[in-house]
There are 2 protein chains.
Amino acid sequence: MLSLTDRQRQILDWIRQETERSGRPPTRAELAAALGFRSINAAEEHLRALARKGAIRLIPGSARGIQLPGEAAGETGLWVVGRVAAGQPILAREHLTVRHPIDPRMFRPAADYLLTVSGESMRDAGILDGDLLAVHKSPEAREGQIVVARLGDEVTVKRFSRRQDAVWLLPENPAYQPIVVHPGDELVIEGIGVGVLRLGT
Amino acid sequence: MLSLTDRQRQILDWIRQETERSGRPPTRAELAAALGFRSINAAEEHLRALARKGAIRLIPGSARGIQLPGEAAGETGLWVVGRVAAGQPILAREHLTVRHPIDPRMFRPAADYLLTVSGESMRDAGILDGDLLAVHKSPEAREGQIVVARLGDEVTVKRFSRRQDAVWLLPENPAYQPIVVHPGDELVIEGIGVGVLRLGT
DNA sequence: CCGCATACTGTATAAATTTACAGTATGTTA
DNA sequence: TAACATACTGTAAATTTATACAGTATGCGG
């Protein structure tokens, strides 16, 4: 997307706000009135500029035909990743099951998807079987973070720790054993846990 | 809101879906086309009926002037209720701190607000200190449900149980004692827990 | 200095959209 | 059984809205 001028950014912000407030995009006349233009055409040309720069999409010949990226279609929200099959990328289409209308930016850093946790290995961290773990995609992790790790074919959620040369994946449940990953083993960090969502208690 | 007919509910559902999909409410013609009406007026009259019953609001003389309740303004999302002061209703304005953009209907039954949990008394139910409990307002609870209860001045989250005459509020942590509430004691059930949200792990 | 993008005013028109009115048919309520 | 809501078809305005065209002014890169 090409860079916007200050004025164009102001106008885009107003359109966002107004769409959120009223539940529908504004007309050219409404835009002009709100921004203080005496000519409707000023609004039209700003919209053209924004569309040219890819900041919005205009639907020709349609009332209030302004599309804000992410606003329409199923672009917002977080997908729940289901069972991950062996050897396949975690975000493959087939694994996406349900989409929940949650703002990814609610988490820090922002979440990329939700992973259904199975098993009790993280019980004492308050992550139970069936919980949805909000995951931020990342190929690396820092000490003590909760990570989504792939060991060969299996995807697991554990606490990350590095000791000497080896990486330890620590469960939060005394009934489970830590997993020691030696250099050369097939360990891939898929992401870090940034939150938990439980539907039903 | 007056009760809708099956057909009206179908139409309302379609309007919701379409508004979500396209980012703006449909026109009468679009509605008619989608529902298979050969007359635009069929759409008009359905909208009138829905408006009359309070299911939508129509903005006269305005293109795509259909407002879905909760869609406009800041009506969506869930408020986080902070510290609840003695004797005050839990949803008093002063307690509302942050609003999170989460669909309340994601929970069953739908959540009315989020309550910041303090203390470790529900640890073994996977509800930790600082977690946000999604609460459905309800003056009563069933056996085994997690409830938000008010005992005199204090608001507490516990598992609900009824034994003979008394109500037992059970913690999920052996370090805590159950609370026995005898008939005549000041117990108010504020709501039931319908989910958990943890920002950060 | 020229061409071009930005940032507007002002006018006009075609097309999209709302909305009123005239019907038909069916089922429900008083 | 009459009144009324539901659920449509069909036609016709009136109004909203998008969009083209003609200008003015400013700043920027070549």
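In what follows, every chain begins at residue 1, and chains take the letters A, B, ... in the order their sequences are listed. None of the values given here were measured: they were computed from a predicted structure.
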- Is the phosphate of D:dC8, meaning OP1 or OP2, less than 4.0 Å from a side-chain N or O of B:His46? yes
- Note on the structure: With the side chain defined as heavy atoms from C-beta on, A:Glu44 is closest, among D:dA7, D:dT17, D:dT19, to D:dT19
- Item | Angle between terminal axes - the helix from C:dC1-D:dG30 to C:dA30-D:dT1, 5 pairs each end, rounded to 10° | 30°
- Query: Just checking B:Ala42: base, sugar-phosphate only, or nothing, at a heavy-atom cut-off of under 4.0 Å?
  - Reply: base
- Message: Whether the side chain of B:Asp185 engages the backbone of B:Leu187 through a donor-acceptor N/O pair (distance < 3.5 Å, no angle test) should be reported.
- Response: no
- Interatomic distance where CD1 belongs to B:Ile11 and P belongs to D:dA7 [whole Å]: 7 Å
- Message: Heavy-atom nearest nucleotide on DNA chain D for B:Asp6 versus B:Arg64: which residue maps closer to 5'?
- Response: B:Asp6
- Which part of the nucleic acid does A:Gln8 contact within heavy-atom distance under 4.0 Å: base, sugar-phosphate only, or nothing? sugar-phosphate
- Hey, is the main chain of B:Gly144 close enough, under 3.5 Å, to the side chain of B:Arg159 for a donor-acceptor pair? yes
- Given atom CZ of B:Arg24 and atom P of D:dA18, what is their separation to the nearest angstrom? 9 Å
- Message: Testing the basics here: between B:Tyr176 and B:Glu120, what is the closest heavy-atom pair and its distance to 0.1 Å?
- Response: OH-N, 3.6 Å
- Given side chains that start at C-beta, do those of B:Glu18 and B:Ile15 come closer than 4.5 Å, heavy atoms only? no
- Is the closest side-chain heavy-atom distance between B:Val135 and B:Val194 below 4.5 Å? no
- Distance-only, no hydrogens or angles: does the B:Arg28 side chain make a donor-acceptor pair with backbone N or O of B:Ile40 under 3.5 Å? no
- Query: Among residues 26-36 of chain B, which contact DNA chain D at a heavy-atom distance under 4.0 Å?
  - Reply: none
- Message: Does a side-chain N or O of B:Thr5 approach OP1 or OP2 of D:dA7 to a distance below 4.0 Å, or not?
- Response: yes
- Message: Can you confirm whether A:His100 sits close enough to A:Trp79 that some side-chain heavy atom of one is under 4.5 Å from a side-chain heavy atom of the other?
- Response: no
- Query: Choosing from C:dT17, C:dC21, C:dT6, which nucleotide comes nearest the side chain of B:Asn41?
  - Reply: C:dC21
- Message: Once rounded to the nearest 0.5 Å, what's the spacing between atom CD of A:Gln17 and atom CD of A:Glu20?
- Response: 9.0 Å
- Taking the side chain as every heavy atom from C-beta outward, state whether A:Lys137 and A:Ile192 have any atom pair closer than 4.5 Å. no
- C:dA5 phosphate, OP1 or OP2, under 4.0 Å from A:Arg7 side-chain N/O: no
- Using whole Å, report how far CZ of A:Phe37 lies from C1' of D:dG23. 17 Å
- Task: Go through D:dA20, C:dG23, D:dT17 for me and flag the one nearest to the B:Glu45 side chain.
- Result: C:dG23
- Item | Distance in angstrom units between B:Leu47 CG and C:dA20 P, rounded | 13 Å
- Message: I'd like to check B:Phe160 versus B:Ile189 (side-chain heavy atoms, cut-off strictly below 4.5 Å). Are they in contact?
- Response: yes
- Task: Check whether any side-chain N or O of B:Arg9 sits under 4.0 Å from OP1 or OP2 of D:dT6, and answer yes or no.
- Result: no
- Query: For D:dA20, does OP1 or OP2 lie under 4.0 Å from any side-chain N or O of A:Arg48?
  - Reply: yes
- Query: Whole Å only: how far is the CG atom of B:Leu58 from the C1' atom of C:dT17?
  - Reply: 13 Å
- Query: Atom CD1 of B:Ile59 and atom P of D:dT16: how far apart are they, to the nearest Å?
  - Reply: 14 Å
- Message: Please tell me if B:Arg38 has a side-chain N or O lying less than 4.0 Å from either OP1 or OP2 of D:dC8.
- Response: no
